[in-house]
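Notes follow once the structure below has been shown.
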2 protein chains.
Amino acid sequence: MAIFSKTCEYAIRAVLYVAHKTTTGNKVGIKDIAAGIDSPELYLAKILQDLSRKGLISSVKGPNGGFYINELSLSRPLSDIVEAVDGNGLFVGCALGLKQCSEVNPCPLHHQFKAIRDQIHAVLRTNTIGKFNEELVNGLLSLKK
Amino acid sequence: MAIFSKTCEYAIRAVLYVAHKTTTGNKVGIKDIAAGIDSPELYLAKILQDLSRKGLISSVKGPNGGFYINELSLSRPLSDIVEAVDGNGLFVGCALGLKQCSEVNPCPLHHQFKAIRDQIHAVLRTNTIGKFNEELVNGLLSLKK
DNA sequence: TCAATTAAAGATAAAAATGTCTTTTATTAT
DNA sequence: ATAATAAAAGACATTTTTATCTTTAATTGA
Ligand code: FES
Ligand code: FES
């Protein structure tokens with residue numbers, strides 16, 4: 001098990017790739033994105049269609065079309081992507097799968113995991129989609145392999 | 001998405017339940033465990049068979065048989081259960097699904113998530129299976145609902 | 001207007017995770 | 001020995017996740 005679902009991993013990597021490409025050049029096609037983040041093209045298309053419907057990224061059809069991201073979305077936190085794809089279970093759910101995480105009926109890991117959960121949430125809330133563009137341009141960060 | 005797979009959630013809850021029952025009374029049957037942690041009985045049976053094969057818990061067949069746990073296993077860390085069921089992906093894998101988490105080819109979340117990952121690992125390594133028995137007896141902690 | 005391009009949408013498929021059923025084996029008490 | 005009990009094992013079923021294929025719709029440029 002990983003922290004995020006495969007779908008969510010692709011989603012985050014793809015959105016960061018689109019952000020990076022948008023700020024340097026222009027729109028970017030699905031084929032380019034899939035190659036850029038090393039993901040199955042047609043599956044990724046589905047994911048991006050979903051994110052597009054939800055307003056996280058934008059797209060236009062036709063020649064010179066493709067995916068891009070607007071200024072406003074660049075400042076949205078990564079948690080928005082995670083919530084859109086995996087829901088908020090990671091942020092509010094019980095570590096051991098109890099129906100309801102609560103102080104009054106805590107599972108054995110409640111106290112220690114609440115802290116970790118909040119930290120995960122904090123990291124994802126405080127990092128914006130646009131935040132990594134510079135380092136992606138510099139090649140200091142990687143989205144594939 | 002939750003932190004652990006459903007299978008792993010059941011596994012941890014069940015092992016803690018068996019530990020709790022072993023230290024208070026005696027061996028405990030699969031039916032009792034399933035009811036005690038609110039999980040599908042036959043699925044849980046599979047999981048416990050696996051943990052038994054791997055030596056995390058013990059069992060005996062026949063009348064008055066059931067599952068129990070020995071002193072040694074009581075002192076084992078929860079991370080042993082997680083590794084047995086979900087593997088070590090949570091402890092060593094890349095948050096964004098890159099094939100190899102590394103300092104030289106880090107994903108955008110590498111630095112911040114490495115810290116979190118290590119914390120998760122630390123929590124699971126420092127909490128033993130037997131650690132929660134007292135609070136489980138007191139009813140201060142819950143393994144169901 | 002037409003052809004080329006590219007994303008959207010819908011249908012299917014494959015794989016993995018989760019859950020159930022049936023038969024077998026070991027153990028115990030009678 | 002035999003019957004009852006309870007886990008082990010193996011086969012099967014369902015659901016969810018991941019991935020692919022095909023058709024449609026929108027956009028552009030010639
Ligand atoms: S009750 Fe389990 S994490 Fe809160
Ligand atoms: S490279 Fe992604 S977490 Fe280390």
Side-chain angles (χ1 to χ4, degrees), chain A residues 1-15 17-18 21-22 26-35 37-69 82 84-87 89 97, chain B residues 1-15 17-18 21-22 26-69 82 84-87 89-90 97:
Chain A
M1 280 279 298
I3 289 257
F4 305 118
S5 68
K6 217 106 205 48
T7 305
C8 192
E9 291 174 353
Y10 292 151
I12 297 174
R13 303 219 304 271
V15 170
Y17 186 83
V18 170
K21 284 291 182 176
T22 295
N26 211 312
K27 293 191 284 293
V28 58
I30 184 67
K31 214 176 278 264
D32 183 347
I33 302 171
I37 70 167
D38 191 33
S39 76
E41 178 185 329
L42 294 163
Y43 187 52
L44 184 62
K46 286 297 173 198
I47 299 170
L48 294 190
Q49 277 165 34
D50 182 46
L51 293 178
S52 176
R53 253 181 269 111
K54 288 173 175 162
L56 270 158
I57 57 175
S58 311
S59 69
V60 293
K61 296 182 183 177
N64 303 316
F67 294 90
Y68 65 98
I69 193 164
V82 175
V85 175
D86 280 350
Chain B
M1 281 279 296
I3 289 257
F4 305 119
S5 68
K6 217 104 206 48
T7 304
C8 192
E9 290 173 354
Y10 292 151
I12 297 174
R13 302 218 306 268
V15 170
Y17 186 83
V18 170
K21 286 289 181 176
T22 295
N26 214 312
K27 293 190 283 295
V28 56
I30 183 68
K31 216 178 275 270
D32 184 346
I33 303 171
I37 71 167
D38 192 33
S39 77
E41 180 185 328
L42 295 164
Y43 188 51
L44 183 62
K46 286 294 171 201
I47 299 170
L48 294 191
Q49 278 166 34
D50 183 46
L51 293 179
S52 177
R53 252 181 271 113
K54 288 173 176 162
L56 271 157
I57 58 175
S58 310
S59 69
V60 294
K61 297 180 181 178
N64 302 319
F67 294 90
Y68 65 100
I69 192 164
V82 174
V85 176
D86 280 349
L90 191 58

For atom NZ of B:Lys6 and atom C1' of C:dG19, their distance in whole Å = 12 Å

task = Say whether, by atom type as modelled, one donor and one acceptor occur between the side chain of B:Ser52 and the main chain of B:Leu48 under 3.5 angstrom.
result = no

message = Please report the interatomic distance CD1(B:Ile57) to OG1(B:Thr22), rounded to the nearest 0.5 Å.
response = 9.0 Å

Over all atoms of both residues, closest heavy-atom pair of A:Ala34 and A:Glu41 = CB-CA, 3.7 Å

message = Between B:Asp50 and B:Lys54 (salt bridge meaning N to carboxylate O under 4.0 Å), is one present in this structure?
response = yes

Nearest-Å distance for atom pair CZ/C1', residues B:Phe4 and C:dT18 = 18 Å

task = List the steps, then state whether side-chain contact (heavy atoms from CB on, under 4.5 Å) holds for B:Val85 with B:Tyr10.
result = CA-CA 10 Å; B:Val85 176; B:Tyr10 292 151; over 6 Å; no

request  = Grab the CD1-P distance between B:Ile30 and C:dG19 for me, whole Å please.
outcome  = 13 Å

request  = Output yes when at least one side-chain N/O atom of B:Thr7 is less than 4.0 Å from OP1 or OP2 of C:dA17, else no.
outcome  = no

key: Distance below 4.0 Å between B:Ser52 side-chain N/O and D:dA7 OP1 or OP2   = no

key: Length of the CD1-C1' vector between B:Ile57 and D:dA7, whole Å   = 11 Å

ask   = Between A:Ile3 and B:Leu90, is a side-chain contact (heavy atoms from CB on, under 4.5 Å) present by the stated rule, with each step listed?
value = CA-CA 7 Å; A:Ile3 289 257; B:Leu90 191 58; 3.8 Å; yes

request  = Quickly work out the B:Tyr68 OH to D:dA6 P distance and round it to whole Å.
outcome  = 16 Å

ask   = CZ of A:Phe67 versus P of C:dT5: gap in Å, rounded?
value = 18 Å

request  = Return no unless some side-chain N or O of A:Ser59 is found under 4.0 Å from OP1 or OP2 of C:dA8.
outcome  = yes

ask   = Using a cut-off of 4.0 Å between protein heavy atoms and nucleotide atoms, how would you tag nucleotides 22-30 of chain D 5' to 3' with B, S and -?
value = ---BBBBS-

query = Can you check whether B:Phe67 reaches B:Ile30 side chain to side chain, under 4.5 Å on heavy atoms?
reply = yes

A:Asp86 to A:Phe4 - nearest heavy-atom pair and separation = OD2-CA, 3.7 Å

query = Just how far, in rounded Å, is P of D:dA7 from NZ of B:Lys31?
reply = 9 Å

task = Grab the NZ-C1' distance between B:Lys27 and C:dT27 for me, whole Å please.
result = 10 Å

task = Check DNA chain D against residues 43-50 of chain B and give the residues with a non-hydrogen atom under 4.0 Å, in numerical order.
result = B:Lys46, B:Gln49

inquiry  = For D:dT18 and A:Tyr10 - does any side-chain N or O of the residue sit under 4.0 Å from the phosphate oxygens OP1/OP2?
reply    = no

ask   = Closest approach of A:Arg13 and A:Asp38, non-hydrogen atoms and distance?
value = NH2-O, 3.6 Å

